[in-house]
Amino acid sequence: MSKVQVPDDGLDFGLVVAGYGRHYVVETPEGRRVICHPRGKKSECVVGDRLRWQPAGDEGVIEHVEPRRNLMFRQDEWRTKAFAANLDQILVMVAAKPVFSESQLARALIAAESAGIAAHVLLNKADLPEIEDARARLAPYTRMGYEVVEVALKARTDEARATLSPMLEGKATLVLGPSGAGKSTLINLLAPDAKAQVGEISQALNSGKHTTTSTQWYWLDAQRTTGLIDSPGFQEFGLRQVTAQDLPTLMPDLREHLPGCRFYNCTHQHEPGCGVRAAVERGEISESRYRIYGEIREELSQTRW
């Protein structure tokens with residue numbers, strides 16, 4: 001990212017590091033930050049987009065968004081909300097306390113699978129007695145191949161930094177998680193100048209205040225090779241981008257048992273000879289995961305207007 005490129009069409013290169021409505025903060029390869037606006041009414045940029053822009057006074061005009069490698073988003077019946085683009089991995093953050101929603105965790109992981117982005121689970125507050133319960137609830141995710149990393153961001157900061165730094169190095173990582181899981185602690189631990197980076201954006205927007213309610217890109221190193229993207233918390237996580245038929249293929253524990261189904265169009269709910277239901281009965285798929293599958297499938301099967 002820090003290598004200076006010279007466009008052949010006279011336009012400048014940039015990386016979207018924050019967006020507020022139709023205002024985007026674009027970082028140049030040299031590290032300068034400029035407010036840019038899309039040309040025309042349509043505004044489709046997200047944090048992580050690479051684009052081409054041209055100066056217009058002190059600000060800039062976005063002329064072209066480069067093709068994306070991927071896009072992480074959620075979609076309900078009414079709207080689509082994009083988190084970020086061109087990601088190397090996603091860190092879904094939960095904590096021993098407060099008790100996390102397994103449904104939200106499952107939905108975030110399904111969306112990552114659907115987008116083709118590697119995902120890991122970060123379990124914070126490993127110093128608390130509630131850690132045993134949290135571990136037990138995450139055991140099915142470890143069994144199905146997700147890496148579950150335990151940290152105590154406040155109680156054991158050096159250990160947490162040593163654990164996380166190699167995982168994140170040289171990558172663009174989106175952090176998702178509910179309020180209370182410790183996302184702010186994570187960012188302040190790994191990006192010591194996080195406040196300065198937000199202040200820089202605030203200054204660029206002439207807002208005079210911290211603008212932390214939007215998705216924000218933080219550099220973790222002076223060379224600007226390691227990016228951590230923080231997205232605001234969310235209550236709901238719609239998966240309307242997924243079809244009911246594809247849903248089990250995006251859940252690794254269910255996917256493993258699909259070949260055991262007698263019918264190719266099995267819904268895994270009532271058909272005879274269902275490999276998934278047999279695996280639930282044997283304890284190879286947890287009851288909670290199967291319940292979550294049923295809830296999401298019902299949502300996705302409802303008529304779309």
Side-chain angles (χ1 to χ4, degrees), residues 44 46-48 68-94 99-122 137-138 140-148 173-179 181 183 214-215 229-258 261 265-270 274 276-277 279-280 285-305:
E44 292 183 342
V46 300
V47 170
R68 295 167 175 155
R69 284 192 292 132
N70 53 50
L71 176 68
M72 179 67 175
F73 65 99
R74 56 189 169 94
Q75 184 176 342
D76 61 25
E77 203 170 351
W78 311 111
R79 57 178 292 208
T80 297
K81 173 65 178 170
F83 293 107
N86 301 312
L87 300 167
D88 294 304
Q89 60 185 1
I90 291 167
L91 213 52
V92 186
M93 197 167 176
V94 295
V99 175
F100 61 88
S101 160
E102 191 186 344
S103 177
Q104 274 198 357
L105 169 63
R107 287 163 183 269
L109 294 174
I110 289 165
E113 286 265 350
S114 176
I117 306 168
H120 313 278
V121 181
L122 182 63
R137 294 183 70 210
L138 290 173
Y141 295 86
T142 306
R143 281 198 301 272
M144 71 181 87
Y146 286 108
E147 182 182 18
V148 177
T173 305
L174 171 67
V175 184
L176 291 177
S179 56
K183 282 196 301 174
S214 187
T215 302
I229 303 151
D230 176 31
S231 195
F234 47 85
Q235 296 303 313
E236 301 297 328
F237 200 117
L239 289 170
R240 287 286 182 149
Q241 69 268 36
V242 173
T243 66
Q245 291 73 25
D246 286 343
L247 177 62
T249 69
L250 301 172
M251 301 178 74
D253 46 351
L254 272 70
R255 183 169 62 218
E256 184 185 344
H257 298 284
L258 298 181
C261 292
N265 58 349
C266 186
T267 66
H268 321 299
Q269 293 186 304
H270 49 71
C274 173
V276 169
R277 282 168 54 230
V280 175
I285 295 173
S286 75
E287 292 280 357
S288 64
R289 287 279 297 172
Y290 184 65
R291 177 181 49 76
I292 289 167
Y293 163 73
E295 287 170 3
I296 299 173
R297 192 180 198 289
E298 187 177 355
E299 272 173 40
L300 300 180
S301 302
Q302 288 166 5
T303 306
R304 303 183 191 202
W305 298 100

Between Val175 and Leu122, is a side chain to side chain contact (heavy atoms under 4.5 Å, CB included) present by the stated rule, with each step listed?
CA-CA 9 Å; Val175 184; Leu122 182 63; over 6 Å; no
Decide yes or no on side chain to side chain contact (heavy atoms under 4.5 Å, CB included) for Ile110 and Phe237, but give the supporting numbers first.
CA-CA 10 Å; Ile110 289 165; Phe237 200 117; over 6 Å; no
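Summarising the geometry, atom CZ belonging to Arg297 is positioned 6.0 Å from atom CD belonging to Gln245; distances are rounded to the nearest 0.5 Å. Here the CG-CG distance, from Leu176 to Leu109, works out to 9.5 Å after rounding to the nearest 0.5 Å. The distance from atom CG of Asp253 to atom OH of Tyr290, rounded to the nearest 0.5 Å, is 12.0 Å. Between the CG atom of Leu300 and the CG atom of Leu247 there is a distance of 6.0 Å, given to the nearest 0.5 Å. Distance check: Arg79 CZ to Arg240 CZ gives 15.0 Å after rounding to the nearest 0.5 Å. Interatomic distance, CD1 of Ile90 versus CD1 of Ile117, reported as 4.0 Å (0.5 Å rounding).
Residue Asn86 comes nearest to Arg69 through the heavy atom pair OD1-N, 2.7 Å, listed as atom of the first residue, atom of the second, then distance. What you find for Val46 and Ala84 is that their closest heavy atoms are CG2-C, 4.1 Å. Tyr146 approaches Ala119 most closely through the heavy-atom pair CD2-O, 3.7 Å. Shortest non-hydrogen contact noted between Met72 and Ala111 is CE-CB, 3.6 Å. Nearest heavy atom pair, residue Leu174 against residue Ser231, reads CD1-CB, 4.1 Å. The shortest non-hydrogen separation linking Tyr141 to Ala106 is OH-CB, 3.9 Å.
Side chains of Ile296 and Val242 form no contact here, defined as non-hydrogen atoms less than 4.5 Å apart. For the pair Leu239/Leu250, no side-chain contact is recorded, criterion being any heavy-atom separation below 4.5 Å from C-beta on. Using a 4.5 Å cut-off on side-chain heavy atoms (C-beta onward), Leu258 and Pro248 make contact. Looking only at side-chain heavy atoms (C-beta outward), Met251 and Ile285 stay at 4.5 Å or farther from each other.
A salt bridge between Arg291 and Glu295 is present, with a side-chain N of the basic residue lying under 4.0 Å from a carboxylate O of the acidic one.
Within a 6.0 Å radius of CD in Gln269, other residues, nucleotides and ligands contribute more than 12 heavy atoms.
His268 places a side-chain N or O within 3.5 Å of a backbone atom of Cys266 that can act as its donor or acceptor partner. Listed for the Arg137 side chain is a donor-acceptor partner under 3.5 Å among the backbone atoms of Phe100.
Side-chain polar atoms of Asp246 and Thr249 form no donor-acceptor pair below 3.5 angstrom. The closest side-chain donor-acceptor pair between Ser288 and Ser286 falls under 3.5 angstrom.
Residue pairs that meet the salt bridge (Lys or Arg N to Asp or Glu O under 4.0 Å) test with at least one member in residues 102-114, sequence neighbours left out, are Arg107-Glu299, Glu113-Arg255.
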